[in-house]
Trainee: 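Below you'll find the structure I mean.
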Amino acid sequence: MASVGIKDVAARAGVSVATVSRVLNAHASVSPAARARVLDAVEALGYRPNTLARSLRTDQTRTLGLVISDVLNPYFTELARSVEEEARTLGYSIIFGNADERPEIQDHHIRTLLDRRIDGLLVSPTDGGSPLVLDAARAGTPMVFVDRWIAGVDVPVVRADGSAAVRDLVAHLHGLGHRRLAIIAGPATTTTGSERVAAFRDALAEYGLDLPDAYVGQGDFQAASGRRATERFLDLPTPPDVVFAADNLMALGALDALRARGLRVPDDIALAAFDDIPWFVHTDPPVTAIAQPTGELGRAAVRALTDRIEGRTPRSVTLPARLVVRRSCGEAAAPGSRTGEAGRSNP
């Protein structure tokens, strides 16, 4: 079916294209009768204004949009805070949208932000992105991917590289005597989900260890999936020695599952996490985790986007993650150790 355009609306309503445009943009100069005919035509034809085209403009609102994957995830909460602080420093305001790890909600926010005439868009794509994200990028909307990205899309990416930190974690676990290591993975459709599993598998191979399918739990970066995956691990004939959750919320779900079974960490099973959060230092025991430089990522993303908006050449930025050793994998606390660090990025 051919798409409906503004000319089709004008023809059905018996008015000019300019009149349709004025109605859609809420101008007061249109008579009530003409406005009614236009709105009836819009409804009858199912016409949707091209928000992507309208976002391509030369005037600025000094407003940026930020669509994050899950505002309940402390990592994204901290990321949003650093984005807002840097934007304010540079003279921009931020409008936030929470995708809740659902592509349709992500698209709703992106469509709304483009309608609000933002100057640029920061997106952490959920579930591999969506046609609207791709269309916005291809239409020339100033955009930066942060944390996650979509392969093959020519948009600057600001992210952390956790591969070295994952190798450090596996080396640490191997040194503690662990040999059966399992991972709760994020969605394979997200770059962070697939990348962390690949890094874990490669690191295990360096020590001659396999990653059996039974030791890969499928999660969705939310706590309930971490609990379900961990319960499945515990029901195996040979449960793992270690559960490595590929984000902090899944780690909290894993911890709930272990406690519900009456298991002690790390005496009965070890636990480690990607995406360190301040809470991990207060759990019993404190959780060994991989920390991302969240504040630096947020600030770098804003700078890349404003470079694009203001006519400078933006660049992608990759920063290293780091391992923070605590006591959830059988480590012995010692004077001068890094046990207890919160893992937050320094400004």
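All values below come from the heavy atoms of this structure, side chains included, with hydrogens, waters and symmetry mates left out. Note that this is a predicted model, so its numbers are computed, not measured.
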Trainee: Closest heavy-atom contact between L79 and T294?
Mentor: N-CG2, 3.5 Å

Trainee: Please test L249 against D70 for side chain to side chain contact (heavy atoms under 4.5 Å, CB included), starting from the C-alpha separation and ending with a verdict.
Mentor: CA-CA 10 Å; L249 292 183; D70 184 2; 3.7 Å; yes

Trainee: According to the interplanar angle, ranging from 0 to 90°, do the rings of Y215 and F233 count as parallel (below 30°), tilted (30 to 60°) or perpendicular (above 60°)?
Mentor: perpendicular

Trainee: Side-chain contact test, heavy atoms from C-beta onward, threshold under 4.5 Å: evaluate it for L305 versus Y92 and give yes or no.
Mentor: no

Trainee: One pair to check against side chain to side chain contact (heavy atoms under 4.5 Å, CB included): L64 and I309. What are the steps and the verdict?
Mentor: CA-CA 10 Å; L64 308 177; I309 292 167; 3.5 Å; yes

Trainee: For S194, check side chain to side chain contact (heavy atoms under 4.5 Å, CB included) against everything at least two apart and list the hits.
Mentor: none

Trainee: Hydrophobic clusters here meaning ILVMFWY residues chained together by side-chain heavy-atom distances under 4.5 Å, can you tell me if L169 and Y75 are in one?
Mentor: no

Trainee: Spell out, as yes or no, whether a donor-acceptor pair under 3.5 Å connects the side chain of D100 to the backbone of R102.
Mentor: no

Trainee: If you draw a 6.0 Å radius around CZ in R62, do more than 12 non-hydrogen atoms from other residues or ligands fall strictly inside?
Mentor: yes

Trainee: Is there a side-chain contact between V71 and F96 in this structure, where contact means two heavy atoms from C-beta onward sitting under 4.5 Å apart?
Mentor: no

Trainee: Is there a path from I277 to V83 through hydrophobic residues (I, L, V, M, F, W, Y) whose side chains come within less than 4.5 Å of each other?
Mentor: no

Trainee: Between R148 and S69, is any side-chain donor less than 3.5 angstrom from a side-chain acceptor?
Mentor: yes

Trainee: Between P314 and A304, which heavy-atom pair has the shortest distance, and what is it?
Mentor: CB-O, 3.3 Å

Trainee: Would you sort out whether R196 and V166 count as a side chain to side chain contact (heavy atoms under 4.5 Å, CB included), showing the intermediate values?
Mentor: CA-CA 8 Å; R196 291 170 192 175; V166 170; 5.6 Å; no

Trainee: Apply side chain to side chain contact (heavy atoms under 4.5 Å, CB included) to H172 and L323, showing your working.
Mentor: CA-CA 9 Å; H172 172 67; L323 175 64; 4.2 Å; yes

Trainee: Between S328 and L271 (side chain of the first, backbone of the second, donor and acceptor by atom type, cut-off under 3.5 Å), is there such a pair?
Mentor: yes

Trainee: Got a second to check how far L66's CG is from H109's NE2, nearest 0.5 Å?
Mentor: 10.5 Å

Trainee: Should E78 and P74 count as side-chain neighbours, where that means a heavy-atom distance under 4.5 Å?
Mentor: no

Trainee: I want to check something: taking the side chain as every heavy atom from C-beta on, are R327 and T283 in contact at a cut-off of under 4.5 Å?
Mentor: no

Trainee: Would you say the side chain of C329 lies within less than 4.5 Å of the side chain of L173, judging by non-hydrogen atoms?
Mentor: yes

Trainee: Do P285 and V265 come within less than 4.5 Å of each other through their side chains, counting heavy atoms only?
Mentor: yes

Trainee: Closer than 3.5 angstrom, by distance alone: can the side chain of Q218 be matched with the main-chain N or O of G186 as a donor-acceptor pair?
Mentor: yes

Trainee: Look only at the side chain of T61 and the backbone of R117, and say whether a donor-acceptor pair between them is shorter than 3.5 Å.
Mentor: yes

Trainee: Which pair of heavy atoms, one from D8 and one from L45, lies closest together, and at what distance?
Mentor: O-CD1, 3.7 Å

Trainee: Hey, what do you get for CD (E310) to CG (L90), rounding to the nearest 0.5 Å?
Mentor: 7.5 Å

Trainee: Does R261 CZ have over 12 foreign heavy atoms under 6.0 Å away?
Mentor: yes

Trainee: Same cluster or not: I94 versus M143, using hydrophobic residues (I, L, V, M, F, W, Y) connected whenever any side-chain heavy atoms lie under 4.5 Å apart?
Mentor: no

Trainee: Would the distance check show the side chain of S316 and the main-chain N or O of V157 forming a donor-acceptor pair, the cut-off being under 3.5 Å?
Mentor: yes

Trainee: Using only atom types and a distance under 3.5 Å, with no angle test, would you say the side chain of D241 pairs donor to acceptor with the backbone of R180?
Mentor: yes

Trainee: F200 versus L181: any side-chain heavy-atom pair under 4.5 Å?
Mentor: yes

Trainee: How many angstroms lie between CZ in F145 and CG in L121, if you round to the nearest 0.5 Å?
Mentor: 9.0 Å

Trainee: Do E101 and D220 have side chains that get closer than 4.5 Å, going by heavy atoms?
Mentor: no

Trainee: Are the side chain of T141 and the backbone N or O of A137 linked by a donor-acceptor pair below 3.5 Å?
Mentor: no

Trainee: Would you check if the side chain of H178 reaches a backbone N or O of A270 as a donor-acceptor pair within less than 3.5 Å?
Mentor: no

Trainee: Count I, L, V, M, F, W, Y as connected when their side-chain heavy atoms are under 4.5 Å apart, and connections chain through other members. Are V216 and V243 then in the same cluster?
Mentor: yes

Trainee: Would you sort out whether D161 and T318 count as a side-chain hydrogen bond (donor to acceptor under 3.5 Å, both in side chains), showing the intermediate values?
Mentor: CA-CA 6 Å; D161 182 356; T318 302; over 6 Å; no

Trainee: Are V302 and V144 joined in one hydrophobic group, where the rule is that I, L, V, M, F, W and Y side chains link up if heavy atoms are under 4.5 Å apart?
Mentor: yes

Trainee: Tell me, yes or no, whether the heavy-atom count around D235 atom CG, taken from other residues, nucleotides or ligands under 6.0 Å, exceeds 12.
Mentor: yes

